[in-house]
Asks: 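My structure is below; once you've seen it, I'll send some questions.
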Amino acid sequence: MTDDAAPGDALSERDRAVLALEHRSWPGPGAKERAIREQLGISPVRYYQLLNALLDDERALAHDPVTVNRLRRVRDAQRSRR
């Protein structure tokens, strides 16, 4: 859960914006990092912290199940390689 969202509420605008950015495809890491800074006004490190928390939020899963499930699989694969 992040900033202005309470447990029973829908996702915050920022949470939806994070998922929307992650849903897009990017030509390279520089373009994505630039978009994070320009569109969300946060650092890429903070973006990934928020994104990781969203992956465990059932509201995010309900909002964008395709993106959240894809990212959960990627995260699980990375953890199993460690």
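When reading the values below, keep in mind they use all heavy atoms of this one structure, side chains included, and skip hydrogens, waters and symmetry mates.
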Asks: Write out all pairs satisfying salt bridge (Lys or Arg N to Asp or Glu O under 4.0 Å) with one or both partners inside residues 60-70, taking only residues at least two apart or from two chains.
Replies: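 Residue pairs passing salt bridge (Lys or Arg N to Asp or Glu O under 4.0 Å), neighbours aside: none found.
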Asks: Say whether Leu50 and Val74 are linked into one hydrophobic cluster, either directly or through other cluster members, by side-chain heavy-atom distances under 4.5 angstrom.
Replies: no
Asks: Just list the side-chain donor-acceptor pairs under 3.5 Å for residues 27-42, sequence neighbours left out, or say none.
Replies:
unit_1: Lys32; atom_1: NZ; unit_2: Glu22; atom_2: OE1; d: 2.8
unit_1: Lys32; atom_1: NZ; unit_2: Glu22; atom_2: OE2; d: 3.0
unit_1: Lys32; atom_1: NZ; unit_2: Tyr48; atom_2: OH; d: 3.4

Asks: Of all residues at least two apart in sequence or in a different chain, which pass the side chain to side chain donor-acceptor pair (under 3.5 Å) check with Asp56?
Replies: Arg75
Asks: Are side-chain heavy atoms of Leu54 and Leu71 found at a separation under 4.5 Å?
Replies: no
Asks: So which heavy atom on Ala60 is nearest to which on Leu19, and how close?
Replies: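 That closest heavy-atom pairing would be CB-CD1, 3.9 Å.
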Asks: Applying the side chain to side chain contact (heavy atoms under 4.5 Å, CB included) test to Gln49, which of Val45, Leu51, Asn52 qualifies?
Replies: Val45
Asks: Closest heavy-atom contact between Tyr47 and Leu21?
Replies: OH-CB, 3.8 Å
Asks: Working to the nearest 0.5 Å, report the span between NE2 of His23 and CZ of Arg16.
Replies: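 One gets 15.5 Å once the value is rounded to the nearest 0.5 Å.
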Asks: Might you point out which heavy atoms bring Arg72 and Leu55 nearest each other, and give the distance in Å?
Replies: NE-O, 2.6 Å
